[in-house]
Amino acid sequence: MTTKQSINISQPLDLEQTLESGQAFRWRRADGNKWAGVIDGNIWVLSKKENVIEIESSADPVGGLVNSFHSYFRLDDDLLSIQKEIGTDEFVSAGITKNPGLRILRQNPWETLVAFILSSTSNVPRIARTMELLATELGNPLELNEIKRNSFPGPDALIRAGEQHLRNLKCGFRAPYMISAANYVESGIIDLESLCDVSYSESLDTLKKIPGVAEKIADCVMLFSLEHLEAFPIDRWIRRALTNWYGFDEKASYQLCAEWARSKFHGFSGYANQYIYWDIRQSERPMIGSGSTKALTPK
DNA sequence: TAATAACCTCGCAA
DNA sequence: ATTGCGAGGTTAT
């Protein structure tokens with residue numbers, strides 16, 4: 001049942017920069033410079049040599065492994081031309097220089113929605129831990145060679161589990177939000193996939209109906225799973241870049257800043273956001289605990 | 001309309 | 001050991 005492919009890629013792609021930059025939460029390093037993750041009900045193990053990706057999957061996805069891989073890593077994005085377009089900005093340009101192989105992913109919308117509902121007042125390691133726990137407890141078992149992981153549970157499984165069970169699984173005050181989201185999706189009142197085909201603002205309005213989802217989380221979901229590359233999520237880190245580098249007032253409204261970014265970076269403000277975000281996160285290493293979130297020095 | 005506390009949990013620092 | 005604080009936010013007051 002397990003399948004294996006070699007894929008020759010012509011697009012820039014750095015697995016570490018892409019999978020560790022805080023947009024996806026279920027990737028783990030495996031032996032031999034490989035990466036293991038769970039993508040739409042399959043375990044994938046990836047490695048890269050030169051321009052060849054080796055991919056092993058626990059089963060062949062519908063539509064084929066190569067197509068799934070292309071889709072997940074957005075190899076349809078012409079990264080060099082996007083980088084050229086947004087690299088006119090010096091800070092984005094610096095980010096691109098440090099992480100030239102960082103790509104935005106095209107992830108499963110439901111899983112991405114849950115992940116970012118969980119991100120509220122949290123941090124990356126904890127989001128990853130909780131996502132894994134949800135899969136372990138509520139998903140279906142999968143196996144590839146010696147690797148055992150579980151699929152991420154669908155909305156039906158979260159509804160069946162119920163709020164209290166989700167609280168027991170460390171979701172905290174986000175548990176009722178997740179149940180609401182699951183009900184919207186399972187009932188068909190919100191069709192996540194269809195949000196790919198409507199405008200940014202219509203998609204935003206729809207996502208904001210879900211309790212626990214406001215601008216920031218909606219932007220993350222739209223950027224990482226719903227084809228809206230103009231989404232510009234503003235978290236604490238991006239906020240600081242906006243004030244320290246771009247001269248915005250600390251309390252400039254979310255919408256004002258995001259609109260500014262959309263007009264500055266054309267359709268690709270989401271990519272610009274990711275290069276800035278990950279550059280900051282990498283350089284500001286002692287992020288938690290050390291207390292000194294020392295100010296970014298402009299330029 | 002704008003500010004502020006409360007919300008689960010975890011990990012670090014004093 | 002125990003306590004306080006803040007972490008990729010949002011909601012209610």
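Keep in mind the model is a prediction, meaning the values are calculated, not measured. Numbered from 1 within each chain, the chains take letters A, B, ... in sequence-line order.
Between A:Gln274 atom CD and C:dG8 atom P the separation is 14 Å, expressed in whole Å. For the pair A:Asp279 CG and C:dG8 P, the computed distance is 16 Å after rounding to whole Å. If you measure from atom CH2 of A:Trp237 to atom P of C:dG6, you get 13 Å, rounded to the nearest angstrom. Here C:dG9 presents its C1' atom at 20 Å from NZ of A:Lys251, a figure rounded to the nearest Å. Following rounding to the nearest Å, A:Arg239 (CZ) and C:dT10 (P) show an atom-to-atom distance of 12 Å. Separating the CD1 atom of A:Ile117 from the P atom of C:dG8 is a distance of 18 Å, rounded to the nearest angstrom. Atom P of nucleotide C:dA7 and atom CD1 of A:Ile238 are separated by 15 Å, given to the nearest angstrom. Here C:dA7 presents its P atom at 16 Å from CZ of A:Arg129, a figure rounded to the nearest Å.
Each of A:Arg126, A:Arg26, A:Lys170 was evaluated against A:Glu132; a single residue qualifies, A:Arg26, per the salt bridge (charged side-chain N to carboxylate O under 4.0 Å, His left out) test.
Ring centroid separation for the pair A:Phe116 and A:Phe25 comes in under the 6.0 Å cut-off.
A cation-pi arrangement is present between A:Arg262 and A:Tyr200, with the terminal nitrogen or guanidinium carbon under 6.0 Å from the aromatic centre and inside a 45° cone about the axis.
A:Arg160 and A:Asp156 are joined by a salt bridge, as a carboxylate oxygen and a charged side-chain nitrogen come within less than 4.0 angstrom of each other.
Put simply, the side chain of A:Arg167 and the base of B:dC7 share no donor and acceptor less than 3.5 Å apart. Side-chain atoms of A:Thr121 and base atoms of C:dG9 include a donor and an acceptor less than 3.5 Å apart. For B:dC8, its base sits under 3.5 Å from the side chain of A:Arg174 at one donor and acceptor pair at least.
Looking only at atom types and distance, the side chain of A:Tyr246 has a donor-acceptor partner in the side chain of A:Asp89 under 3.5 Å away.
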### Pairing annotation in dot-bracket form, given for DNA chain C with Watson-Crick or G-U pairs under 3.5 Å and | for cross-strand partners
.||||||.|||||

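When each of C:dG8, B:dC10, C:dG9 is scored by its nearest atom to the side-chain atoms of A:Lys170, the top-ranked nucleotide is B:dC10. Side-chain proximity of A:Arg126 to the nucleotides C:dG8, C:dA7, C:dG9 is greatest for C:dA7.
Stacking annotation: A:Phe173 is stacked on the base of B:dC7 (ring centroids less than 5.5 angstrom apart, interplanar angle below 30 degrees).
More than 12 non-hydrogen atoms from other residues, nucleotides or ligands lie less than 6.0 angstrom from NZ of A:Lys264. Crowding of A:Asn33 atom CG: a count of heavy atoms from other residues, nucleotides or ligands under 6.0 Å not exceeding 12.
With P as the reference atom, B:dC8 and C:dT13 are 14 Å apart, rounded to whole Å. Taking atom P on both C:dC5 and B:dA5, the two are 12 Å apart, rounded to the nearest angstrom. Here the separation of C:dG8 from B:dT4, taken at their P atoms, is 22 Å to the nearest Å. Using atom P as the reference point in both C:dG4 and B:dA6, the two lie 14 Å apart (nearest Å).
Residues A:Arg239 and A:Ala252 share a closest heavy-atom pair of NH1-O, 2.8 Å. Among all heavy-atom pairs drawn from A:Leu105 and A:Ala24, the shortest one is CD1-CB, 3.8 Å.
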Return the polar atom pairs (N/O with N/O) between nucleotides 11-13 of chain C and the protein under 3.5 Å, or none.
{"unit_1": "C:dT11", "atom_1": "OP1", "unit_2": "A:Gly212", "atom_2": "N", "d": "3.1"}

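Connection of A:Trp278 to A:Leu19 is not established within any shared hydrophobic cluster, with ILVMFWY side chains joined at heavy-atom distances below 4.5 Å, either directly or through further cluster members. Hydrophobic clustering (ILVMFWY, side-chain heavy atoms < 4.5 Å, transitive): A:Ile86 and A:Leu80 are in distinct clusters.
Base engagement by A:Gln23 is indicated by at least one non-hydrogen atom pair under 4.0 Å involving a base atom. Counting any heavy atom pair closer than 4.0 Å across all strands shown, A:Ser253 reaches no nucleic acid atom. Across all strands, A:Cys220 comes closer than 4.0 Å to base atoms (heavy-atom distances).
DNA chain B lies under 4.0 Å from no heavy atom of any residue of residues 153-166 of chain A.
Remark: A:Leu134 CG to A:Glu111 CD distance equals 10.0 Å, nearest 0.5 Å.
Ring geometry for A:Tyr72 against A:Trp44 counts as perpendicular: the plane angle is over 60°, on a 0 to 90° scale with 30° as the lower cut.
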